[in-house]
Every structure is written in C-alpha cells, then in structure tokens.
Amino acid sequence: MKGRKEFESYRGVPGGSQVEVSVSGEAGEFNCDGQLVSSSSVVRWSHGELVPGPAGEELEGGRSYFVRVRVAFLADTEVVIQVRIVKPDGSVHSEPCRWQIEGAAGDTAIRGCFIDTF
C-alpha cells in the first residue's frame with residue numbers, strides 16, 4: 001500500500017473549530033469507520049457517515065484529540081481519506097491531511113491525525 005505518513009498532526013487549533021473527515025473510493029470495494037478520541041469521550045463514525053462525508057465534530061479548547069480512520073479493502077482499489085479543520089471564522093486551519101491509499105482485497109489501512117487545541 002502506498003501513501004504519505006500514516007499519522008499527521010495539527011497544533012494550535014482554536015477551540016470551537018470543527019474537524020471534518022471523509023473517505024472516497026469505488027462503492028462496494030471497501031468498508032471504513034472512524035473515531036475522534038479525547039481524554040473524556042469517543043465519537044464513532046460509520047461508513048455511511050464518512051462516505052461521502054464529511055463526518056464532523058466540534059473541538060473544545062484546551063484538549064488533545066486523535067482522529068483514526070480504518071479502511072478494509074474488499075477488492076484491489078484506491079481510496080482517499082481527508083481530514084481538515086475548519087476554524088470558527090470559517091477558514092481552514094493549516095493544510096488538510098489527505099491520504100491516497102492503494103490496497104488489495106484483504107488489506108487494512110489505518111490513518112490518523114493528532115489535534116491540539118487552545
């Protein structure tokens with residue numbers, strides 16, 4: 001499987017920002033799920049929420065989060081996972097994390113982002 005680093009990070013994210021996660025690829029050739037984990041909660045996203053997405057959640061200030069997306073390949077195919085942060089003013093924080101991943105039937109890929117808010 002090809003792709004960029006498996007884990008990325010966002011630092012200095014303003015509280016009240018929204019994390020948005022989406023997965024795209026050929027229908028029926030993969031399954032996916034995701035989570036947004038903090039010290040006080042776990043938000044779970046299903047395949048239907050991520051595809052075409054975006055699934056999202058507001059981020060509280062002063063917390064650290066981890067976004068995890070898992071893709072299970074049902075055929076030889078390619079998927080794109082994207083994570084972006086939209087600040088309270090509507091602008092995008094930094095550059096979105098974007099992974100283009102090739103996989104074969106039976107492969108599993110996991111990608112994630114660490115997020116620190118103030």
Item to check | Side-chain donor/acceptor of Ser41 to backbone N/O of Ser38, under 3.5 Å | outcome: no
Checklist entry - So, do Pro14 and Phe118 sit near enough that their side-chain heavy atoms are less than 4.5 Å apart? => result yes
Item to check | Flag side-chain contact, heavy atom, 4.5 Å: Ile110 against Glu6 | outcome: no
Next on the checklist: If you take the centroid of each ring, where Trp contributes its six-membered ring, are Tyr10 and Tyr65 closer together than 6.0 Å?
Outcome noted: no
Checklist entry - For Leu50, does its backbone N or O pair with a side-chain atom of Ser22 as donor and acceptor, under 3.5 Å? => result no
Checklist entry - Do Ile85 and Ser94 touch side chain to side chain, with heavy atoms closer than 4.5 Å? => result no
Checklist entry - Would you find a donor on one side and an acceptor on the other, under 3.5 Å apart, between the side chain of Asp107 and the backbone of Ala72? => result no
Checklist outcome for this item: Nearest heavy-atom approach of Glu8 to Cys97 is CB-SG, 3.3 Å
Checklist entry - Could you state the interatomic distance from OG (Ser17) to CD1 (Ile115), rounded to the nearest 0.5 Å? => result 9.0 Å
Checklist entry - Do Phe30 and His47 touch side chain to side chain, with heavy atoms closer than 4.5 Å? => result yes
Checklist entry - Out of curiosity, Phe66 CZ to Cys113 SG, how far, rounded to the nearest 0.5 Å? => result 8.0 Å
Checklist entry - Roughly how far, to the nearest 0.5 Å, is CZ of Arg70 from CH2 of Trp45? => result 14.5 Å
Checklist entry - Does some side-chain heavy atom of Asp33 sit less than 4.5 Å from a side-chain heavy atom of Arg44? => result no
Next on the checklist: How close do Gln18 and Gly56 get, counting heavy atoms only, and between which atoms?
Outcome noted: NE2-C, 3.4 Å
Checklist entry - Is there a chain of hydrophobic side chains (I, L, V, M, F, W, Y, each step under 4.5 Å between heavy atoms) that links Val21 to Val86? => result no
Item to check | Side-chain donor/acceptor of His93 to backbone N/O of Arg11, under 3.5 Å | outcome: yes
Checklist entry - Is the backbone of Arg63 close enough, under 3.5 Å, to the side chain of Thr117 for a donor and an acceptor to pair up by distance? => result yes
Item to check | Heavy-atom pair with the smallest gap, counting every atom of Arg84 and Val92 | outcome: NH1-CG2, 3.5 Å
Checklist entry - Does Val51 share a hydrophobic cluster with Leu74, counting links as ILVMFWY side-chain heavy atoms below 4.5 Å and allowing steps through other members? => result no
Next on the checklist: When you measure from the side chain of Ser9 to the backbone of Phe114, do you find a donor-acceptor pair of N or O atoms at a distance under 3.5 Å?
Outcome noted: no
Next on the checklist: Do Phe73 and Ile101 make a side-chain contact, defined as non-hydrogen atoms from C-beta onward lying under 4.5 Å apart?
Outcome noted: yes
